[in-house]
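Below is one structure, written out as structure tokens; the observations come after it.
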Number of protein chains: 2
Amino acid sequence: MQKAAIERNNEVIAAQLTPVGRETVQDRVYSELRRALIGGLFEPSQVLTIRGLADALVTSTMPVREALGRLITEKALEALPNRSVRVPPITLERIDDLLRARSLIEGEAIALAATRMGPRQIATIEAMLGEWDEMRALKHKKDIDREATLNQSFHFEIYRCCGSAVLIPMIESLWLQSGPCIRVAIYAFSEAGEVDTAHYHRRIVAALAKQDAQAAREALVADISRPFAFLRDKLQSAAAKGST
Amino acid sequence: MQKAAIERNNEVIAAQLTPVGRETVQDRVYSELRRALIGGLFEPSQVLTIRGLADALVTSTMPVREALGRLITEKALEALPNRSVRVPPITLERIDDLLRARSLIEGEAIALAATRMGPRQIATIEAMLGEWDEMRALKHKKDIDREATLNQSFHFEIYRCCGSAVLIPMIESLWLQSGPCIRVAIYAFSEAGEVDTAHYHRRIVAALAKQDAQAAREALVADISRPFAFLRDKLQSAAAKGST
DNA sequence: TCAAAGCAAGTGTGATCACAAATCAAAAAA
DNA sequence: TTTTTTGATTTGTGATCACACTTGCTTTGA
């Protein structure tokens, strides 16, 4: 019986081949819509149609409708009584609500991560800090998308260390919900003279390196509060102008 | 022009008729599965098939598969690599993880509610306390389902007062995830001599009546910790027995 | 001129079918 | 007896179709 030999041979093969995976169309549609939502590619209050998205993504309606259903249950999209779906509109209450929830949960996650990150993980996020500086050095083209992606990677690299399989999906859901709001603020930021995001990230890294959970939490809250505060002011002044 | 008269007539009609609503089949399937999950009707690790559920619910596969997809994104169900779906198995880590998340978020929700509940709302949950006592008075039949439903109503009546449209869906998601676990504990409770749930609820109501957010948070954490702690012990002793 | 009725295009929902992958059982080979 | 292979059944996925509801526009009537 050559069972052992066959087994060994299979292991050799497995070591050289990378798993091809078996992603469904629905998963791709879902991921794509997620990406678009977090990245703020859709505007608040914009309505989405199944057939429209299916055409844009070059598939049939079936994967799209299931992906939309999933996004609706995550509150990333909103089902109108007319059965059409739209990205939720921005309101003052919603902004405050989202910021409070994010501070609470992401704060907890980073506090947990602070006690669990080893030098290996710290090095990873420090490298991201460097990457950020690099990007700012050749700042002639403001690559907002790249900035947003890097920011996201930075945060989730940390959250992943919190060791909670329950908190992380909740954080993802919160990013999904605040994506369209945030993007509005990001655009405004880049017009109104850029604030130094890297500074806030450095504070976070410093706190994590010292394993200071409380400081990390505070630094994080300061970081995520900025776009919300900015957006809040913008909305309030717009409302004031509109009412006069 | 009799426009005003017609308008008035329509109002009269509207006052007598109750809106018929337009719930889709998918919504009903989703609600039903939610109810079953929170109520612990499915066992941890149990696998569910689309066609099986469709037969059980007497519909076609279409509404079921979309409902399942939604429940998977909420982590109420789990998608296996084989593409079959099951209710997530219980592990020690998961229990601790769920309890921590629930304490954090439901604690925050009740703290917010404590400052926002008026005498009207307090009266409502006090009435539920009374209903509980009533039920315990004629305790000859242990109606576990009714107890669980009442417990759920009690908690969500409070949470609804927190004024956060973001936190409440997260809490619902957490109940969905802990439902199958909790049920195991509940059954064990009713065997092993019932602990007085009403006592914990009374503590919560007392704290809320005094608008004492911190006390309310602590009382709540004590309340929701019990089944988790019980389940934790049970699992640990089972593991100890299994390994010897 | 204007409001209401009627019509047409568009949209979501559910059912059914085709196909590929997985699972399980029986049969064949070692 | 044990392992492998083969075949049948089950299952999830995606496409397509039929139907009902909504929406926006045109036409009709006052």
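Lettering follows sequence order; numbering is per chain, from 1.
For the 3.5 Å distance criterion, the side chains of R102(B) and S178(B) qualify, holding a donor opposite an acceptor. A donor-acceptor pair shorter than 3.5 Å cannot be found between the side chains of R160(B) and Q121(B).
A salt bridge is absent between D27(A) and R34(A): the closest approach of a Lys/Arg side-chain nitrogen to an acidic carboxylate oxygen does not fall below 4.0 angstrom. Between D97(A) and R100(A) there is a salt bridge, with a side-chain nitrogen of the basic residue lying less than 4.0 Å from a carboxylate oxygen of the acidic one.
Among the heavy atoms of the strands lying under 4.0 Å from L48(B) are primed sugar atoms or P, OP1, OP2 only; no base atom is included.
The distance from atom CG of D55(B) to atom C1' of dT10(D) is 12 Å, rounded to the nearest whole Å.
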Seminar exercise, completed: Nucleotide by nucleotide, nucleotides 13-23 of chain D touches protein heavy atoms under 4.0 Å in the pattern (B base, S sugar-phosphate only, - none) BBBB----SSS
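At least one donor-acceptor pair under 3.5 Å links the side chain of S103(A) to the backbone N or O of L99(A).
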